[in-house]
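The next block holds one structure in the form of structure tokens; read it before the comments.
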There are 2 protein chains.
Amino acid sequence: MNKRQLQKQKTRLHLLKIAKSEFVKKGFLNTTTSEIADAAGIAHGTLFLHFKNKDALIVEILDKELEEINQAIQQMIAEAVDLEQLLLQYLNLLQKEEELFAVLARELPFYNEELRRKILFRDSIIRSHFHRAIELGIKEKKYRDVDVTSAVMFLFGTINYYLSLKSIFIKEGSVIEKFKPSIIKTLKDLLFPV
Amino acid sequence: MNKRQLQKQKTRLHLLKIAKSEFVKKGFLNTTTSEIADAAGIAHGTLFLHFKNKDALIVEILDKELEEINQAIQQMIAEAVDLEQLLLQYLNLLQKEEELFAVLARELPFYNEELRRKILFRDSIIRSHFHRAIELGIKEKKYRDVDVTSAVMFLFGTINYYLSLKSIFIKEGSVIEKFKPSIIKTLKDLLFPV
DNA sequence: CTTTTAAGTGAGTATTCAGTCACCGAGTTT
DNA sequence: AAACTCGGTGACTGAATACTCACTTAAAAG
């Protein structure tokens with residue numbers, strides 16, 4: 001790889017980093033391509049040499065992030081069997097990139113079909129991990145018998161709700177951190193051991 | 001009231017009705033003032049004689065709707081004591097204006113401070129009704145002792161989640177209708193009678 | 001050293017919209 | 001019936017903002 005190609009790759013990574021931080025700060029929809037270019041210290045037009053359009057930017061950022069979380073969850077599943085532990089680790093994982101996931105929770109309904117499908121697909125994989133974990137616990141008589149699907153939706157619905165309203169409820173600090181105990185407590189209340 | 005004033009009032013009400021149907025169809029953010037004027041059969045400028053700006057339109061529509069639901073809930077509380085019954089009636093109430101509430105659930109984070117505060121205030125009143133109903137049930141030993149706050153948030157979080165993703169999950173028909181049984185079942189699972 | 005290649009530039013284009021204003025004409029008052 | 005009032009009109013304005021393209025410049029090739 002020559003000097004030119006190296007520089008281009010470097011600029012590309014720099015752009016991704018800057019774009020992510022801008023999106024986290026103001027959301028994807030409220031960040032203009034000019035702002036990203038300015039923040040990255042490049043010309044506006046240059047952005048479009050690296051990425052086909054604005055959508056391609058968020059797609060790449062999210063693809064990386066969601067793949068990472070999926071990998072981590074899969075590994076957890078392989079290692080841990082305790083549901084509470086799994087939930088706790090998942091919440092910790094979300095918390096690490098909480099700002100970004102909050103943007104996602106808020107803006108998802110406004111994205112185009114393709115992007116939405118991509119995100120919801122990853123999301124559904126993670127949901128299915130929890131589904132299986134609960135189901136297994138019930139089969140092994142570790143927990144009492146409840147409607148697994150609605151329990152999982154209840155769980156993810158709440159997390160999504162807290163995230164989407166993050167900017168309204170609390171401006172500073174982590175919502176996940178704040179509501180973690182009550183989310184875990186309620187799941188335990190719901191599934192308490194027999 | 002003379003002929004002119006009568007006409008104006010009539011146009012105003014007509015505008016509110018048309019605006020609501022447009023908002024329900026396409027969402028508040030994706031409906032232009034021109035579209036509303038066109039649909040109502042008036043000139044674009046006329047809209048701004050009746051309403052200070054676009055925000056004022058949705059504020060008035062929602063104020064009416066949310067006040068109605070609040071009144072209804074208060075009456076229910078006064079009459080019924082059974083929590084399941086209350087939840088069922090609340091869901092039916094939401095279902096009646098499901099399209100509008102789905103728009104709300106999706107777009108809320110993008111509204112301005114004032115509008116958001118207004119909506120969340122009404123929302124919190126309704127939440128507090130449920131909070132008190134559960135708390136009372138626990139005190140009277142009707143239900144087992146759980147964390148009331150997180151149970152209520154769990155409940156409202158899920159409803160909000162289903163509503164906000166309505167357009168993604170199902171295009172036709174009612175999400176509330178579809179998920180009503182599982183929402184009620186999960187609440188019962190959580191609070192089952194002692 | 002000269003020519004070719006391609007990354008980078010930023011003023012410009014196209015489009016979308018909320019909101020305005022000078023004018024019109026129907027309805028009201030004198 | 002003349003003068004006045006005020007609701008209605010819609011072309012226009014200005015502000016965003018995603019994306020383009022003719023041109024510059026620095027690196028690579030010959």
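A note on names: the letters A, B, ... follow the listed sequences, proteins ahead of strands, and every chain is numbered from 1.
Taking the nucleotide of DNA chain D with the nearest heavy atom to each of A/Asn30 and A/Gly45, the more 5' of the two is matched to A/Asn30. Position along DNA chain D of the nearest nucleotide to A/Leu49 versus A/Leu29 favours A/Leu29 as the more 5'-ward residue.
The NE2-P distance, from B/His44 to C/dA18, rounds to 6 Å in whole Å. Regarding B/Asn53, its CG atom lies at a distance of 14 Å from the C1' atom of C/dC17, rounded to whole Å. For A/Ile36 and D/dA16, the CD1 to P distance is 18 Å, given to the nearest whole Å. Atom C1' of nucleotide C/dT20 and atom NZ of B/Lys54 are separated by 18 Å, given to the nearest angstrom. Going from atom NZ of B/Lys3 over to atom P of C/dT28 covers 6 Å, rounded to whole Å. B/Gln5 places its CD atom 15 Å from the P atom of D/dT5, with the value rounded to the nearest Å. Between the CD atom of A/Glu35 and the C1' atom of D/dA16 there is a distance of 11 Å, rounded to whole Å. Between A/Phe51 atom CZ and D/dT20 atom P there is a gap of 16 Å when expressed in whole angstrom units.
If you chain together ILVMFWY residues whose side-chain heavy atoms come under 4.5 Å of each other, B/Ile125 ends up grouped with B/Phe121.
Under 3.5 Å, the side chain of A/Arg4 and the base of D/dA27 form at least one donor-acceptor pair of N or O atoms.
Contact annotation: B/His50 side-chain N/O to D/dG8 OP1/OP2 distance is under 4.0 Å. The phosphate of C/dG8 (OP1 or OP2) has a side-chain N or O of A/Thr11 nearer than 4.0 angstrom. Under 4.0 angstrom from either OP1 or OP2 of D/dA18 there lies at least one side-chain N or O belonging to A/Thr33.
Minimum atom distance to the side chain of B/Phe48 is reached by C/dA18, of the listed C/dA18, C/dT9, D/dT9. Of the candidate nucleotides D/dG7, D/dA28, D/dT9, D/dG7 has the atom lying nearest to any side-chain atom of B/Lys8.
Applying the side chain to side chain donor-acceptor pair (under 3.5 Å) criterion to B/Tyr161, with sequence neighbours excluded, gives A/Arg127.
B/Tyr162 and A/Phe154 have their aromatic ring centers separated by at least 6.0 angstrom.
Relative ring orientation between A/Phe28 and A/Phe23 is described as perpendicular, the plane-to-plane angle rising above 60° on a 0-90° scale split at 30° and 60°.
B/Thr31 and B/Glu22 form no side-chain donor-acceptor contact under 3.5 Å, judged by distance and modelled atom types alone.
Backbone-only engagement by B/Thr32 is indicated by non-hydrogen atom pairs under 4.0 Å involving sugar-phosphate atoms exclusively. Among the atoms of the strands shown, none is found under 4.0 Å from any heavy atom of A/Leu47.
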